[in-house]
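Report on the structure given below.
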Amino acid sequence: MKLTSQMIKDKAQELGIDCIAIGNIERFKNAPKLMSPLTYFPEAKSVIAVAMRIPRGSYRGIEEGTHWHNYTFYSYNKLNSYFRPRLSYELACFIEDHGWEAVPHYPAVPEGQGTMREPVAEGKVPPDVVCSVRLIAAGCGLGEVGYSKVFLTKKFGPRVRLGLIFTDCELEPDPIMDTGDICLHCGACVRECPGNAVPSLKDKNSRLEVDFGEKKIWYGDVQMGRCTLSHHGMNNECSPFLKKEFPNMAFDVRNSEMSEEEAYIMCYTMAGGKWGRKPESTRVMGYYDYILTHSSYFAICGARGCIRACMDQLEKTGRIENQFHNRFYKKESWLLPNKPQTVSRSVNPYRKEYLDEKYPGLTDGEYERPEPEKEQE
């Protein structure tokens with residue numbers, strides 16, 4: 001049965017998919033094997049990239065410092081794992097109704113896969129092939145990878161989540177965008193990232209290049225350990241929850257050299273961790289455990305630089321189509337000081353706080369330091 005690119009795009013619009021573009025498979029022939037659509041589906045002829053918008057209002061609670069749930073739920077995990085895949089499924093079914101196979105692909109982290117399992121047969125790669133959804137979407141012409149590595153579209157800028165479908169139907173491809181078609185390279189993401197994860201624009205050695213054959217693109221080599229530490233709440237500057245639970249911590253994320261995987265290990269261990277001597281709750285990070293339990297994910301930094309600052313600049317300069325009556329920023333965005341305001345000299349602050357409340361004066365003399373002697377004149 002005949003199937004064209006326009007028919008697929010019309011169906012996507014009918015379903016409520018916000019953005020769609022199509023690339024021919026030749027653009028991805030040089031992709032690494034563990035990130036290649038051809039490793040996943042050797043007979044693929046075309047790749048379809050789709051995007052659904054992130055509501056701008058889902059960032060409002062974090063911007064105000066009053067509500068974090070919406071960012072995790074509507075901007076990230078449920079948009080990635082429920083709202084968008086439901087429509088990708090419908091589009092894949094539409095393609096298969098026309099007699100062509102459609103392979104929907106989930107936007108997982110490629111580098112987190114394929115390292116612990118043996119091949120299923122000789123000559124096969126490990127059985128966890130995961131494509132880089134941003135790079136493939138750029139190769140389809142859906143938008144461009146911005147300097148901060150966040151994907152940008154003409155309509156919504158950085159406010160999108162992506163999905164892919166591979167098919168053996170040969171479709172008319174869309175043109176690939178040039179680097180800088182959307183991204184201003186203004187440095188807003190560099191300045192506003194609370195983890196100092198985005199490299200300086202002046203450092204041309206900190207650029208990554210991708211060759212699609214007919215066109216090359218480039219973007220910044222983001223320090224993903226710092227990004228992950230901030231995103232998952234191990235950065236005191238953008239997490240009031242870490243500040244509350246560890247008021248004496250002054251971990252310098254901005255200058256850390258931790259790898260992304262090490263950062264994931266630390267963040268998720270802390271989020272799920274317990275400590276028996278804590279009052280009221282044994283959870284090390286009460287809020288992280290709460291939101292992880294309810295949403296299967298926890299996003300804390302609110303994309304302060306890579307999305308919020310970026311979208312403000314793109315809206316202000318008219319680089320994107322989705323415009324608003326009012327600017328996103330009503331006032332200067334907040335940051336917390338990394339250094340503690342007061343340092344506890346107690347070995348166990350929980351114990352001291354409890355005893356001071358229940359038994360005033362009982363701990364006097366345990367940790368007080370003598371007044372320094374005055375120098376004689």
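FYI, the numbering just counts along the sequence from 1.
Residue Tyr219 forms a side-chain contact (heavy atoms from CB on, under 4.5 Å) with just one option from Val198, Val150, Val210, Thr179, and that option is Val210. Paired with Ile54 under the rule side-chain contact (heavy atoms from CB on, under 4.5 Å), one option of Leu79, Asp18, Val160 passes, and it is Leu79. Each of Tyr287, Phe241, Tyr59 was checked for a ring pair (Phe, Tyr, Trp, His ring centres under 6.0 Å) with Trp68, and the lone residue meeting it is Phe241. For the salt bridge (Lys or Arg N to Asp or Glu O under 4.0 Å) with Glu237, the qualifying choice from Arg254, Lys339, Lys243 is Arg254, the only one to do so.
Considering only residues two or more places apart in sequence or on other chains, Tyr354 meets the ring pair (Phe, Tyr, Trp, His ring centres under 6.0 Å) condition with none of them. Qualifying side-chain contact (heavy atoms from CB on, under 4.5 Å) partners for Ala309, counting only residues two or more places apart in sequence or in other chains: Ala188, Glu192, Tyr329. Not counting sequence neighbours, the partners of Leu171 by the side-chain contact (heavy atoms from CB on, under 4.5 Å) test are Ser5, Ile8, Ile22, Ser46, Ile48, Thr167, Cys169.
Between His105 and Ile165 there is no side-chain heavy-atom pair separated by less than 4.5 Å. No side-chain heavy atom of Arg161 sits under 4.5 Å from any side-chain heavy atom of Met52. No side-chain heavy atom of Arg159 sits less than 4.5 Å from a side-chain heavy atom of Thr153. Two residues are said to be in side-chain contact when any heavy atoms from C-beta on lie closer than 4.5 Å; Ile95 and Glu101 fail this criterion. You'll find the side chain of Val50 stays beyond 4.5 Å of the side chain of Leu162, heavy atoms only. Residues Ser58 and Tyr71 form no side-chain contact, since every pair of their non-hydrogen atoms from C-beta on lies 4.5 Å or further apart.
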Exercise for the section: Quick one: do Leu152 and Cys310 satisfy side chain to side chain contact (heavy atoms under 4.5 Å, CB included)? Show the steps, please. Expected result: CA-CA 10 Å; Leu152 310 175; Cys310 174; 3.9 Å; yes
Practice task
Let me see the working for Asn235 and Ser230 under side-chain hydrogen bond (donor to acceptor under 3.5 Å, both in side chains), right down to the final yes or no.
Solution key: CA-CA 5 Å; Asn235 186 337; Ser230 301; 2.9 Å; yes
Practice task
Report the C-alpha distance between Glu172 and Lys9 in whole Å, list the side-chain angles of each, state the deciding distance to 0.1 Å, and finish with yes or no for salt bridge (Lys or Arg N to Asp or Glu O under 4.0 Å).
Solution key: CA-CA 11 Å; Glu172 181 182 355; Lys9 290 176 181 180; over 6 Å; no
Problem - Step-by-step side chain to side chain contact (heavy atoms under 4.5 Å, CB included) determination, Met249 to Asn236 - result: CA-CA 8 Å; Met249 181 186 283; Asn236 255 329; 3.8 Å; yes
Exercise for the section: Please test Arg304 against Glu63 for salt bridge (Lys or Arg N to Asp or Glu O under 4.0 Å), starting from the C-alpha separation and ending with a verdict. Expected result: CA-CA 8 Å; Arg304 188 179 190 271; Glu63 178 63 25; over 6 Å; no
Problem - Full working for side chain to side chain contact (heavy atoms under 4.5 Å, CB included) between Ile320 and Lys155 - result: CA-CA 5 Å; Ile320 53 176; Lys155 191 167 187 180; over 6 Å; no
Practice task
Using the side-chain hydrogen bond (donor to acceptor under 3.5 Å, both in side chains) rule, take Ser259 and Glu262 through it: C-alpha gap first, then chi angles, then the decisive distance, then the call.
Solution key: CA-CA 5 Å; Ser259 70; Glu262 289 171 320; 3.1 Å; yes
Practice task
Report the C-alpha separation of Glu14 and Lys11 in whole Å, then their side-chain angles, then the decisive distance to 0.1 Å, and conclude whether the salt bridge (Lys or Arg N to Asp or Glu O under 4.0 Å) test is met.
Solution key: CA-CA 5 Å; Glu14 176 189 323; Lys11 183 63 178 180; 3.1 Å; yes
Exercise for the section: Go through the steps for Val133 and Phe151 under the test side chain to side chain contact (heavy atoms under 4.5 Å, CB included), then give the verdict. Expected result: CA-CA 9 Å; Val133 65; Phe151 196 82; over 6 Å; no
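In terms of hydrophobic clustering, with Ile, Leu, Val, Met, Phe, Trp and Tyr side chains grouped at heavy-atom distances under 4.5 Å, Tyr106 and Tyr40 are assigned to different clusters. Residue Val109 is not grouped with residue Met35 when hydrophobic side chains (ILVMFWY) are merged at heavy-atom distances under 4.5 angstrom, including chains of intermediate members. Hydrophobic cluster membership is shared by Leu91 and Met7, with clusters built from Ile, Leu, Val, Met, Phe, Trp and Tyr side chains linked at under 4.5 angstrom. A single hydrophobic cluster is not seen to contain both Tyr268 and Met224; linkage of ILVMFWY side chains at heavy-atom distances under 4.5 Å, directly or through other members, places them apart. No path of Ile, Leu, Val, Met, Phe, Trp and Tyr side chains, each step under 4.5 Å between heavy atoms, connects Leu87 with Tyr89, placing them in separate hydrophobic clusters.
One N or O on the side chain of Glu144 and one on the backbone of Gly180 form a donor-acceptor pair closer than 3.5 Å. A distance-only check finds no donor-acceptor pair linking the side chain of Arg226 to the backbone of Glu257 [under 3.5 Å]. Under a 3.5 Å cut-off, the side chain of Arg283 and the backbone N or O of Asp289 do not form any donor-acceptor pair. No donor-acceptor pair closer than 3.5 Å links the side chain of Lys216 to the backbone N or O of Gly213. In this structure a side-chain-to-backbone donor-acceptor pair under 3.5 Å is missing from Asp174 to Ala21. Checked by atom type and distance alone, the side chain of Asn348 pairs as donor or acceptor with a backbone atom of Arg351 at under 3.5 Å. Judged by distance alone, with hydrogens and angles left aside, the side-chain atoms of Thr269 form no donor-acceptor pair with the main-chain N or O of Met266 at under 3.5 Å. Judged purely by atom type and a 3.5 angstrom limit, Tyr147 uses its side chain to pair as donor or acceptor with the backbone of Ser200. Counting only distance, with no hydrogens or angles, the side chain of His232 and the backbone of Ile300 share no donor-acceptor pair below 3.5 Å. Judged purely by atom type and a 3.5 angstrom limit, Arg327 has no side-chain atom pairing as donor or acceptor with the backbone of Lys316.
For the pair Asp168 and Lys45, the salt-bridge criterion is not met [side-chain N within less than 4.0 Å of a carboxylate O]. Classification of Arg27 and Glu214 as a salt-bridged pair holds, one side-chain N sitting under 4.0 Å from a carboxylate O.
Summarising the geometry of Cys140 relative to Val47, their closest heavy-atom pair is SG-O, 3.3 Å, with the distance given to 0.1 Å. Here the closest heavy-atom approach between residue Glu64 and residue Trp334 is recorded as C-NE1, 4.3 Å. Met177 and Lys215 get closest at one heavy-atom pair: O-CD, 3.7 Å. Heavy atoms only, all atoms of each residue included: Ile217 and Ala138 are closest at CD1-CB, 4.1 Å. In terms of heavy-atom proximity, Val129 sits nearest to Ser36 at CG1-O, 3.9 Å. When all heavy atoms of Cys267 and Met234 are compared, the pair lying nearest together is SG-CG, 3.5 Å.
The cationic group of Arg60 lies under 6.0 Å from the six-membered ring centre of Phe328 and within 45° of the ring axis, placing it in a cation-pi geometry.
Under 3.5 Å, the side chains of Asn80 and Asn77 contain no donor-acceptor pair of N or O atoms. A donor-acceptor pair shorter than 3.5 Å can be found between the side chains of Lys352 and Thr363. Between Ser239 and Tyr288, the side chains place a donor N or O and an acceptor N or O closer than 3.5 Å (distance only, hydrogens not considered).
The aromatic rings of His67 and His69 sit parallel, their planes meeting at an angle under 30°, below the 60° perpendicular limit.
Residue Phe324 places its CZ atom among more than 12 non-hydrogen atoms of other residues, nucleotides or ligands, all under 6.0 Å distant.
Two rings, from His231 and Phe298, have their centers 6.0 Å or more apart.
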